[in-house]
There are 2 protein chains.
Amino acid sequence: MNETVVLTPERILEVAEDVLRRFGLAKATVVDVARALDVSHGSVYRHFPSKVSLREAVAKRWLERVNAPLAKIAEGSGPASARLERWLRTMFAIKHKKVCDDPEMFATYLALAHEACKVVKAHKDGLVDQIAHILSDGVKQGAFQVADVKTSARALFDATIRFHHPAHSEDWSDPALAARIDALLALLLRGLEAPRKR
Amino acid sequence: MNETVVLTPERILEVAEDVLRRFGLAKATVVDVARALDVSHGSVYRHFPSKVSLREAVAKRWLERVNAPLAKIAEGSGPASARLERWLRTMFAIKHKKVCDDPEMFATYLALAHEACKVVKAHKDGLVDQIAHILSDGVKQGAFQVADVKTSARALFDATIRFHHPAHSEDWSDPALAARIDALLALLLRGLEAPRKR
DNA sequence: TGAATGACAGATATTGAAATCTGTCAGCAA
DNA sequence: TTGCTGACAGATTTCAATATCTGTCATTCA
């Protein structure tokens with residue numbers, strides 16, 4: 001009846017994330033994870049071929065939680081301009097929230113992201129695709145004028161990196177941050193705008 | 001006659017930078033600098049009150065070399081739009097060159113910049129002022145339309161951070177980098193443009 | 001038979017004693 | 001007097017011995 005004694009990859013990931021939170025990236029070991037699960041570390045190696053792959057899976061799970069709400073916005077309907085702004089602001093808010101709520105865990109994630117850079121790259125590519133999807137809608141609606149949707153999506157991702165890349169989380173204490181975001185978004189949206197009909 | 005035996009702050013900085021280059025940030029000591037100068041380390045402390053202040057001075061000297069060519073462009077004349085683009089491309093080129101020419105030294109500088117963050121902040125503020133100067137010219141020329149020059153200058157700095165911040169130098173190997181820069185600059189310049197007269 | 005164990009070899013991390021460094025200052029030399 | 005030295009105390013770093021971890025696998029258990 002007690003299903004929680006079954007050792008599943010999902011359960012290992014849960015506990016592994018918790019161990020990472022408590023010990024930090026440098027000190028968290030596979031043995032620690034096994035101890036927390038009350039099994040031998042050999043059992044963990046039955047489900048994950050290496051420590052690296054376990055950590056990559058944790059990073060993937062983490063990034064999926066960032067991705068889900070953004071995908072919902074990207075897939076939505078309505079004016080692309082407002083949708084793009086909402087999508088970008090939501091991304092900033094998610095990253096900002098993660099830093100402020102649990103700075104220690106974020107530092108751990110930051111280091112983990114550096115290790116699992118392949119997983120992070122896939123995540124980024126997914127986000128650029130979401131921007132491209134919104135841009136594509138905007139072009140259809142006649143609101144945006146861009147040379148190439150894919151390239152412009154990448155440019156938007158690059159242009160906003162200051163407000164969503166973890167490496168810049170140090171200076172998220174600037175009181176004028178909201179104003180800086182407003183100014184940047186205004187500049188970018190104006191740059192995308194299709195010329196008015198006369 | 002041999003003036004080089006005189007111990008000046010400038011000479012110490014030269015040698016300190018060389019020591020930093022050869023030993024790396026973690027291993028370079030004040031004693032190493034003194035040894036390279038063939039004086040006791042007490043003599044170095046006559047000119048700099050601490051190891052930290054010596055390192056800050058090295059960082060400042062380093063950043064001044066980045067600043068000088070950009071200031072020249074900012075102070076120039078001609079159409080602000082072309083000048084802004086040239087200024088930004090020059091900044092990217094300077095950073096890119098520093099990374100590619102001497103990656104090891106750049107890694108050292110990256111860590112040093114993290115230590116001497118106050119010096120770096122002043123450097124950044126100076127760069128934003130230079131952008132603001134160009135924008136201000138552009139508004140006078142009727143080429144740009146912005147709500148607030150200072151704020152827009154900051155927005156431009158933020159928007160291009162991907163291509164000038166040292167933290168993003170890892171992925172400067174992307175073959176499509178030039179295209180990404182082109183796309184970003186086109187987007188930003190279009191966002192600044194004043195509407196055409198009819 | 002399939003899931004879990006625990007012992008093992010080689011790699012990695014911890015630890016504490018010894019070496020080196022930072023910053024100060026009394027004194028020397030010009 | 002000015003610029004430098006070298007000895008010093010306390011802080012930091014190095015290094016080598018010791019402990020722990022990673023990944024494998026023969027064995028046990030149900």
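Values reported hereafter were calculated over all heavy atoms of this structure, with side chains retained and with hydrogens, waters and symmetry mates removed. Proteins get letters first, then strands, A, B, ... in listed order; numbering begins at 1 in each. What you are looking at is a predicted structure, and each value in this text was computed from that prediction instead of being measured.
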Euclidean distance, atom CG of residue Leu7(A) to atom P of dA4(C) [Å, nearest integer]: 5 Å
Atom-pair distance (CZ on Phe48(B); C1' on dT22(C)), nearest Å: 16 Å
Protein N or O to nucleotides 5-11 of chain D N or O, pairs below 3.5 Å:
from, atom 1, to, atom 2, distance (Å)
dT5(D), OP2, Ser40(B), N, 2.8
dT5(D), OP2, Ser40(B), OG, 3.0
dT5(D), OP2, Ser43(B), OG, 2.5

Give a yes or no on whether a salt bridge exists between Arg21(A) and Asp102(A), defined as a side-chain N under 4.0 angstrom from a carboxylate O. yes
With ring centroids as reference points, do His164(A) and Phe157(A) lie under 6.0 angstrom apart? yes
Within-4.5 Å side-chain heavy-atom neighbours: Thr151(A) and Arg180(B): no
Nearest-Å distance for atom pair CZ/C1', residues Arg11(A) and dA3(C): 15 Å
With side chains defined as the heavy atoms from C-beta onward, is the minimum distance between Val120(A) and Lys124(A) less than 4.5 Å? yes
As a test of understanding, state which of Arg55(A), Lys60(A), Arg11(A), Arg65(A) forms a salt bridge (Lys or Arg N to Asp or Glu O under 4.0 Å) with Glu17(A). Arg65(A)
Test your reading of the model: is there a side-chain donor-acceptor pair from Asp32(B) to the backbone of Thr29(B), 3.5 Å cut-off? yes
Judged by nearest nucleotide, the residue sitting upstream toward the 5' end of DNA chain D, Arg35(A) or Pro49(A), is Arg35(A)
Can you tell me if CZ on Arg86(B) sees more than 12 non-hydrogen neighbours from other groups inside 6.0 Å? no
So what does Arg55(A) hit on the nucleic acid, given a heavy-atom distance under 4.0 Å: a base, only sugar-phosphate, or nothing? nothing
Going by salt bridge (Lys or Arg N to Asp or Glu O under 4.0 Å), name the residues that satisfy it together with Glu193(A), two or more places apart in sequence or in a different chain. none
Which residues in residues 12-33 of chain B have at least one heavy atom lying under 4.0 Å from any atom of DNA chain D? none
What's the NZ-P distance between Lys51(B) and dC21(C), to the nearest Å? 10 Å
